[in-house]
Amino acid sequence: MPADEFIVTPWHVEGEIDYDKLIKQFGTEKITVELLKKIEKITGESHFMLRRGIFFSHRDLGALLDDYSKGKKFFLYTGRGPSGHTHIGHLVPWVFAKWLQEKFDTTLYFQLTDDEKFFAKEGLTLEETKLFAYENALDFIALGFNPEKTKIIINTQNIKTLYPIAAQVAKKINFSNTKAVFGFKNETNIGMIFYTALQSAPCFIEDRQVLIPLGVDQDPHFRITRDVAPRIGKPKPSLIHNIMIPALTGPGGKMSASEEAGTIYTTDAPEVVKKKINKYAFSGGQPTVEEHRKIGGNPDIDVPYQYLRIFFEPDDKKLKTIYDDYKSGKMLTGELKAILIDKVNAFLGEHQKKREKAKSQLEKFLFEDK
Ligand code: TRP
């Protein structure tokens with residue numbers, strides 16, 4: 001694919017994404033300084049993921065916030081396709097969802113789409129995707145959600161609740177519609193074709209507005225939901241999109257749970273994290289120390305730096321020092337990697353303990369069909 005081209009769909013992300021172009025392509029809106037101020041005014045805080053443009057785009061977020069200011073509450077919804085173990089990139093929208101939940105005091109639904117990943121992936125059984133759903137749920141719970149306000153929906157397990165809503169949605173989507181949005185072919189299995197109705201369903205699980213924090217690749221599903229909503233007498237969901245998290249091995253494409261080497265899993269041991277980062281992390285440094293000292297590195301393409309920016313170094317001052325030192329050549333690639341290794345291992349050390357505890361909490365989080 002030519003260097004200036006990219007593809008973003010729910011099942012395939014490729015190339016180096018130009019996010020301004022993507023906003024135009026998808027027809028979403030950029031998060032403006034004014035909108036950031038509005039969020040800050042309500043929450044009393046500036047979240048680094050907003051400040052740094054990790055969440056960069058939205059649909060109808062302004063209107064939702066205005067309604068909220070007038071006393072109209074909303075709920076939150078996000079999800080994960082359980083195709084493998086959780087990796088650190090997955091945590092980005094979840095951590096942000098937790099912040100939103102705390103600031104806006106809302107319920108949150110987390111959908112695990114074991115059916116979707118079974119339909120979409122060759123070689124994964126439904127039994128396996130279901131097991132991954134429960135595995136992924138532990139990582140979600142480990143982030144510290146309140147079980148009173150947070151419910152995990154697993155598609156194959158909660159179909160009794162989902163199906164009547166999905167049926168309402170499905171009746172309003174026709175085949176050419178879905179082909180146009182997702183590029184389905186005659187060879188596409190019909191599970192995939194129906195699936196979008198199930199991803200829509202949690203949007204209407206409560207009788208109020210919903211806000212969905214999500215990776216921008218998932219936007220096409222909710223473009224359909226937003227078309228359908230008024231036709232079934234429901235409010236259109238509002239969305240806030242995050243950028244795709246780069247794979248450890250380099251720019252272009254998202255971190256994929258199926259590519260072992262380029263992926264840091266939440267269950268990785270400290271030595272494994274160290275090895276993966278040192279061996280595989282795509283670097284913006286120069287080939288020799290001499291050159292690096294002279295020309296300096298490029299933090300904008302350097303994956304360790306990007307991971308610090310996206311997740312692991314919330315302190316702007318510290319991040320800027322790293323940026324400047326790396327760019328000037330004062331900081332070497334090995335030193336930058338060492339900073340990330342320490343941060344990731346400190347985070348995962350805690351996370352893995354909480355993940356163990358989550359096993360006994362799981363029951364409390366699982367959505368119960370009525
Ligand atoms: N399809 C998503 C994925 O593959 C999972 C998902 C379901 C989701 N519902 C969602 C993601 C709502 C974001 C928001 O990861």
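Ligands are counted one by one from 1 in listed order, and the atoms in each one are counted from 1 as well. The analysis underlying the following values was restricted to heavy atoms, covering all of them including side chains, and did not include hydrogens, waters or symmetry mates.
By the 4.0 Å N-to-carboxylate-O rule, E34 lies too far from K38 to be salt-bridged with it.
Residue G81 places at least one N or O, backbone or side chain, under 3.5 Å from an N or O of ligand 1.
Note: H292 and Y326 have tilted aromatic rings, judged against thresholds of 30 and 60 degrees for the angle between ring planes. Ring geometry for Y109 versus F75: interplanar angle over 60°, hence perpendicular rather than tilted (30 to 60°). Taking the six-membered ring where tryptophan is involved, the planes of Y19 and F56 are perpendicular, since the angle between them exceeds 60° and thus also 30°.
Of the heavy atoms in W94, none comes closer than 4.0 Å to ligand 1. Here T78 has heavy atoms under 4.0 Å from ligand 1 in both its backbone and its side chain.
By the ring pair (Phe, Tyr, Trp, His ring centres under 6.0 Å) test, Y305 pairs with Y323, sequence neighbours left out.
Each of the atoms 14 (C) of ligand 1 lies under 4.0 Å from some heavy atom of I212. Within the listing of ligand 1, atoms 5 (C), 7 (C) sit less than 4.0 angstrom from a heavy atom of T113.
Proximity annotation for atom 4 (O) of ligand 1: of R80, K117, Q199, K117 comes nearest, heavy atoms only. Nearest-heavy-atom check against atom 9 (N) of ligand 1 across Y195, Y77, W11, F110 picks out Y77.
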Quiz: residues 164-172 side-chain donor-acceptor pairs under 3.5 angstrom, not counting sequence neighbours:
none

